[in-house]
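Whatever order the structure lists ligands and atoms in, that order sets their numbers, starting from 1. Model, not experiment: these values are computed from the prediction. Count residues from 1 along the sequence.
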Amino acid sequence: MINIEQELKNIEVLNPGETEFHQATREVLNSIKILLEEDKKYRDFEIIKRITEPDRQIRFRVCWTDDNGNIQVNRGYRVQFNNILGPYKGGLRFHPSVNMSIIKFLAFEQIFKNALTGLPIGGGKGGSDFDPRNKSDREIMNFCQNFMTELSRYIGPDRDVPAGDIGVGEREIGYLFGQYKKIKNNFESGVITGKNVLYGGSLGRKQATGHGLVYFTENMLNYNNMSIKSKKVCISGSGNVAIYAAEKAQELGAHVITMSDSTGWIYDPDGIDLDIIKNIKEINKSRIFEYQKFKPNSKYFDGKFTWDVPCDIALPCATQNELDLNSINNIIKNKVIALSEGANMPVEPQCINLLLENGVLFGPGKAANAGGVSVSALEMSQNSLGLNWTFDEINTKLKNIMINIFSEISKTCELYNLRNNYLAGANIASFKKVADAMIKQGVV
Ligand code: NDP
Ligand code: 2IT
């Protein structure tokens, strides 16, 4: 018999105070219990203890100067969690809330997400508590350069390949890559993904997470004899994932009626105009309340979006634990058909069971938002082959990857009698791949 509670207690003792990491490990371990009981080998090889201990967790000081000439100090992080299926792979997050717990939970999630893609990538994540908001371009560049000066010791195209996440987009990736190249005096384009297409980036990477999220959601709906066409969609966030999720949802005939940022949210009954959002968020890096100026029929609300707008599909695309019990009760009350996680771990743990019990189709983030890292892996392939695939080629590959992920999960659900519990299906399918590869590579 496996005592999951005891394993989780050990994790809490070994990683004191790291609540997000405890949450992510609890979610995975609870759903693979059935597999551990069925197959003794995972216990014999102590996979739980090994898979929950990162290969390496790195923390470093980053000094930089602001525009007033003052010296600033931030913390940088990189957690290299597991490289059993390929080089460590995962984004960098720049946000004041970043700490070891957040980076560790993201790196842990990334192991299983990356395994689901079927591509040769392991799991890692990094970032800093640096706040990019209200910083000048020069300050961003100076921070990125100093961050990379230290990070460059630990990464490499076959070792660990970062990318973007919250607060890190194409601009930051450019400054990070430029500094890496300067230090190494080598053009190793595969060392980081999310690059501009001018110097080794992949077409379609910018859109990949959001588009992939909608492909996944459409697969999940189709499997349950429904479709996203003509459905009302609420989205949270207005960053990279949210914008391109809205774009694909609209392309497939859905009506996107909400978006948000960390100060407030907008409701547009006529459907969100994405050109306006892209202008506000991508170009001017401003606040979402400005939307109202351009669309007088829309409404702006200060504060947290609580999902109290009737809709059919919910796509949280902002950050972890953005949906609490109150939001979930609103979603259930409004008879939402499906909720797919564009963000990593946006739904608080006790809420997921509530969604499932109330018949809401739940697309877990490690599957639903895997499109971004998938196209990152395609970027790595193009870099090592010296090729550039067209947008259509990437889009076709992305679509197929998302189809395969959903199909693998639904087959796992059938095999283990999990009905529509796609979270358990995703955890079991990905854990099996990683654990089996760990056993084959010996005790290291
Ligand atoms: P961006 O920085 O581009 O956008 C983040 C969005 O979320 C912004 O609208 C931001 O508001 C909002 N937000 C961030 N933190 C908070 C918070 N604490 N409370 C409320 N709103 C918040 O990031 P991404 O779009 O890249 O990432 C969004 C989510 O998707 C994250 O969970 C990320 O881990 C996940 N993800 C990203 C992938 C990628 O390829 N980029 C891949 C897979 C998952 P504001 O503008 O006010 O800061
Ligand atoms: O959470 C994620 O999957 C990402 N931020 C993207 C990672 C990547 O390496 O493209």
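Of the heavy atoms in Arg205, only side-chain atoms (C-beta onward) come closer than 4.0 Å to ligand 1. With a 4.0 Å cut-off on non-hydrogen atoms, Arg287 touches ligand 1 through its side chain and not its backbone. When non-hydrogen atoms are compared, ligand 1 lies under 4.0 Å from neither the backbone nor the side chain of Glu322. Of all the heavy atoms of Thr209, the ones lying under 4.0 Å from any atom of ligand 1 belong exclusively to the side chain. If you look at Ala370 next to ligand 1, there are no close heavy atoms at all, none under 4.0 Å.
For ligand 1, the polar-atom distance check finds an N/O of Lys281 within less than 3.5 Å of one of the ligand's N/O atoms. In terms of N/O distances under 3.5 Å, ligand 1 is not approached by Cys317. When only interatomic distances are considered, the shortest N/O to N/O separation between Thr319 and ligand 1 does not fall below 3.5 Å. Looking at Arg93 next to ligand 1, an N or O pair under 3.5 Å apart turns up.
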Filter the ligand 2-protein atom pairs down to N or O on both sides and distance under 3.5 Å, then list them.
{"residue": "ligand 2", "atom": "1 (O)", "partner": "Gln110", "partner atom": "OE1", "Å": "3.4"}
{"residue": "ligand 2", "atom": "1 (O)", "partner": "Lys113", "partner atom": "NZ", "Å": "2.9"}
{"residue": "ligand 2", "atom": "1 (O)", "partner": "Lys125", "partner atom": "NZ", "Å": "2.9"}
{"residue": "ligand 2", "atom": "1 (O)", "partner": "Asn344", "partner atom": "ND2", "Å": "3.0"}
{"residue": "ligand 2", "atom": "3 (O)", "partner": "Gln110", "partner atom": "NE2", "Å": "3.0"}
{"residue": "ligand 2", "atom": "3 (O)", "partner": "Lys113", "partner atom": "NZ", "Å": "2.8"}
{"residue": "ligand 2", "atom": "5 (N)", "partner": "Lys125", "partner atom": "NZ", "Å": "3.2"}
{"residue": "ligand 2", "atom": "5 (N)", "partner": "Gly164", "partner atom": "O", "Å": "3.1"}
{"residue": "ligand 2", "atom": "5 (N)", "partner": "Asp165", "partner atom": "OD1", "Å": "2.9"}
{"residue": "ligand 2", "atom": "9 (O)", "partner": "Lys89", "partner atom": "NZ", "Å": "2.7"}
{"residue": "ligand 2", "atom": "10 (O)", "partner": "Arg205", "partner atom": "NH2", "Å": "3.0"}
{"residue": "ligand 2", "atom": "10 (O)", "partner": "Ser376", "partner atom": "OG", "Å": "2.6"}

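Classification of the Phe21-Phe81 ring pair by plane angle, with boundaries at 30° and 60°, yields tilted. Note: Phe177 and Tyr199 have parallel aromatic rings, judged against thresholds of 30 and 60 degrees for the angle between ring planes. The aromatic rings of His211 and Tyr215 lie perpendicular to each other, with more than 60° between the two planes, well past the 30° mark.
Ranking the protein heavy atoms by distance from atom 4 (O) of ligand 1 puts Gly239 CA, 3.2 Å first. Considering only non-hydrogen protein atoms, atom 13 (N) of ligand 1 sits nearest to Ala318 CB, 4.1 Å. Val241 N, 2.9 Å is the protein heavy atom nearest to atom 25 (O) of ligand 1. Annotation: atom 3 (O) of ligand 1 to nearest protein heavy atom, Asn240 N, 2.9 Å.
Cation-pi check for Lys125 over Phe105 is not met; the charged atom does not lie both under 6.0 angstrom from the ring centroid and within 45 degrees of its normal. Note that Lys397 lies in the cation-pi zone of Trp389, set by a 6.0 Å cut-off to the ring centre and a 45° limit from the axis. Judged by the 6.0 Å and 45° rule, Lys299 forms no cation-pi pair with Tyr267.
Contact check for Ser152 versus Gln179: no side-chain heavy atoms found under the 4.5 Å cut-off.
The nearest pair of heavy atoms linking Cys317 to Ile235 is SG-CG2, 4.3 Å.
No more than 12 heavy atoms of other residues, nucleotides or ligands sit less than 6.0 Å from atom NZ of Lys411.
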